[in-house]
Chemist: 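Below are the structure tokens for one structure; questions will follow.
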Amino acid sequence: MDADTARTIHRRLLAQYPIEGGRTNFIPFDNPFESLILTILSAQTTDASVIAIREPLFSRYPTPEALAEAAPEDVEQIIRTLGFHHAKSRYIVATAQRIVREFGGEVPRTMEELRSLPGVGRKTANIVLSHAFGINVGIAVDTHVRRVSHRLGMTDSKNPDIIERDLMALLPEKTWGEMNYLLIRHGRAICTARNPKHEECFLCDLCRYYREEVKGKES
DNA sequence: ATCCCGAGGG
DNA sequence: CCCTCTGGAT
């Protein structure tokens, strides 16, 4: 993969998954609190499920202060269509409490502080830093990023550290956070682990996996 | 019926 | 490293 191809991929991904007014279809880049909570809730579920609980959740708990006072059982009712809702409801209430008590009501802006929040691990912290704050801490290589970048041919490795290095070498630093999000989004929407939707994919002409594993095996 | 694959805990 | 938590997609 050369930098020109990577740039073309970036351009097409952005056209398909537009980031308008600092807001994707469900994660706001300009509201760190909502961005953090929705990113925690996004683990192991679908975009549609997250979108469905967004308004009910934030109309009732619009701020860290409001969520910090919530009964986890009430939150659990609102998000019960997500997987792991029992743990997630506890995580986000505890996270809101910690934001209020330890960080003055503001979502913290460092990897270490973010990861001290309940339910926030390496991936969530990385996504929030790059999306909500525009801080390019690198590329969080989750399984979506790993699968999509490998299929496209942006890396030959399956080692997350090497994939991160390859992607950062291929892409301008200012696009890292955005590409991180775009690759995950594409992985969730089209380039799925099983039965990827080639007929809907706008990257087939650049895709190594399609070229070698799909097109190459048609009889 | 099985897989998904993030965070936390053992 | 291993396992568990869950609803939804397939």
Side-chain angles (χ1 to χ4, degrees), chain A residues 24-27 32-57 64 67 72-99 102-103 107-108 110-132 137-152 155 157-164 167 177 179-201 209 213-214:
Chain A
T24 71
N25 70 340
F26 75 97
I27 293 188
F33 171 63
E34 290 192 18
S35 184
L36 171 64
I37 298 303
L38 291 173
T39 305
I40 293 172
L41 296 180
S42 296
Q44 296 286 86
T45 189
T46 60
D47 290 349
S49 299
V50 178
I51 289 166
I53 58 85
R54 191 168 69 87
E55 286 310 317
L57 183 68
L67 187 57
E73 302 73 35
D74 295 339
V75 175
E76 188 171 355
Q77 278 308 304
I78 295 173
I79 67 166
R80 71 186 183 287
T81 49
L82 304 183
F84 310 131
H85 46 75
H86 188 69
K88 285 174 178 174
S89 61
R90 260 146 253 276
Y91 287 156
I92 65 174
V93 172
T95 277
Q97 290 172 349
R98 188 166 164 75
I99 288 171
E102 301 294 327
F103 300 110
V107 177
T110 69
M111 177 66 76
E112 186 184 11
E113 289 171 328
L114 278 167
R115 291 198 58 170
S116 77
L117 300 171
V120 180
R122 177 187 155 87
K123 176 185 167 183
T124 303
N126 200 319
I127 294 295
V128 171
L129 282 172
S130 54
H131 291 181
V137 290
I139 293 180
V141 182
D142 66 353
T143 54
H144 295 298
V145 171
R146 182 198 310 219
R147 182 179 66 254
V148 175
S149 60
H150 193 267
R151 283 181 180 167
L152 284 169
T155 180
S157 177
K158 293 197 171 180
N159 177 315
D161 292 333
I162 296 177
I163 293 172
E164 179 172 13
L167 291 177
M179 273 300 282
N180 207 161
Y181 157 78
L182 292 169
L183 291 171
I184 291 168
R185 190 144 181 68
H186 189 56
R188 291 170 72 126
I190 290 177
C191 195
T192 48
R194 286 181 300 166
N195 306 316
K197 301 177 173 78
H198 305 296
E199 60 292 338
E200 294 176 38
C201 189
Y209 179 82
E213 302 299 324
V214 183

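First the proteins, then the strands, lettered A, B, ... as listed; each starts at 1. What you are looking at is a predicted structure, and each value in this text was computed from that prediction instead of being measured.
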Chemist: Report the distance from atom CG of A/Asp47 to atom C1' of C/dG8, rounded to the nearest whole Å.
Modeler: 13 Å
Chemist: Any base atoms under 4.0 Å from A/Ile79, or only sugar-phosphate, or nothing? Heavy atoms, all strands.
Modeler: nothing
Chemist: For the residue pair A/His144 / A/Arg147, report whether a side-chain donor-acceptor contact shorter than 3.5 Å exists.
Modeler: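 Short answer, yes.
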Chemist: I need the CD-P distance between A/Gln44 and C/dA9, as an integer number of Å.
Modeler: 14 Å
Chemist: What does A/Arg115 touch in the nucleic acid at a heavy-atom separation under 4.0 angstrom: a base, only the sugar-phosphate, or nothing?
Modeler: nothing
Chemist: With A/Glu164 as reference, evaluate A/Lys123, A/Arg122, A/Arg146 under the salt bridge (Lys or Arg N to Asp or Glu O under 4.0 Å) test and give the passing residue.
Modeler: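 That would be A/Arg122.
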Chemist: What is the distance, rounded to the nearest whole Å, between atom CZ of A/Arg188 and atom P of C/dA9?
Modeler: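 Those two atoms, CZ and P, are 12 Å apart.
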Chemist: Considering only heavy atoms of chain A and a distance under 4.0 Å, specify the first and last nucleotide of DNA chain B in 5' to 3' order that meet this criterion.
Modeler: B/dC3 to B/dG8
Chemist: Name the residue closer to the 5' end of DNA chain C, choosing between A/Glu76 and A/Ala48 according to the nucleotide with the nearest heavy atom.
Modeler: A/Glu76
Chemist: Quick check on C/dC5: is either OP1 or OP2 less than 4.0 Å from any side-chain nitrogen or oxygen of A/His85?
Modeler: no
Chemist: Are any of the side-chain heavy atoms of A/Leu114 and A/Val107 separated by less than 4.5 Å?
Modeler: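 Answer yes - side chains close enough.
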Chemist: Mind checking if A/Thr124 touches a base, just sugar-phosphate, or nothing, with heavy atoms under 4.0 Å?
Modeler: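 Sugar-phosphate only.
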Chemist: With a 4.5 Å cut-off on side-chain heavy atoms, are A/Tyr209 and A/His198 touching?
Modeler: yes
Chemist: Is the shortest side-chain heavy-atom distance between A/Val128 and A/Val120 below 4.5 Å?
Modeler: no
Chemist: Answer with base, sugar-phosphate or nothing: what part of the nucleic acid does A/Thr81 contact at a heavy-atom distance below 4.0 Å?
Modeler: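 The answer is sugar-phosphate, as A/Thr81 gets under 4.0 Å only of primed atoms, P, OP1 or OP2.
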Chemist: Measure the shortest side-chain to side-chain distance between A/Pro108 and A/Leu117 over non-hydrogen atoms and say whether it is less than 4.5 angstrom.
Modeler: yes
Chemist: Take atom NE2 of A/His86 and atom P of C/dG7, then tell me their distance rounded to the nearest Å.
Modeler: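 About 12 Å, once rounded to whole Å.
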Chemist: Looking for any heavy atom pair under 4.0 Å, which part of the strands does A/Arg194 touch: base, sugar-phosphate only, or nothing?
Modeler: base
Chemist: Quick one: CG on A/Leu38 to OG1 on A/Thr124, what's the gap to the nearest 0.5 Å?
Modeler: 11.5 Å
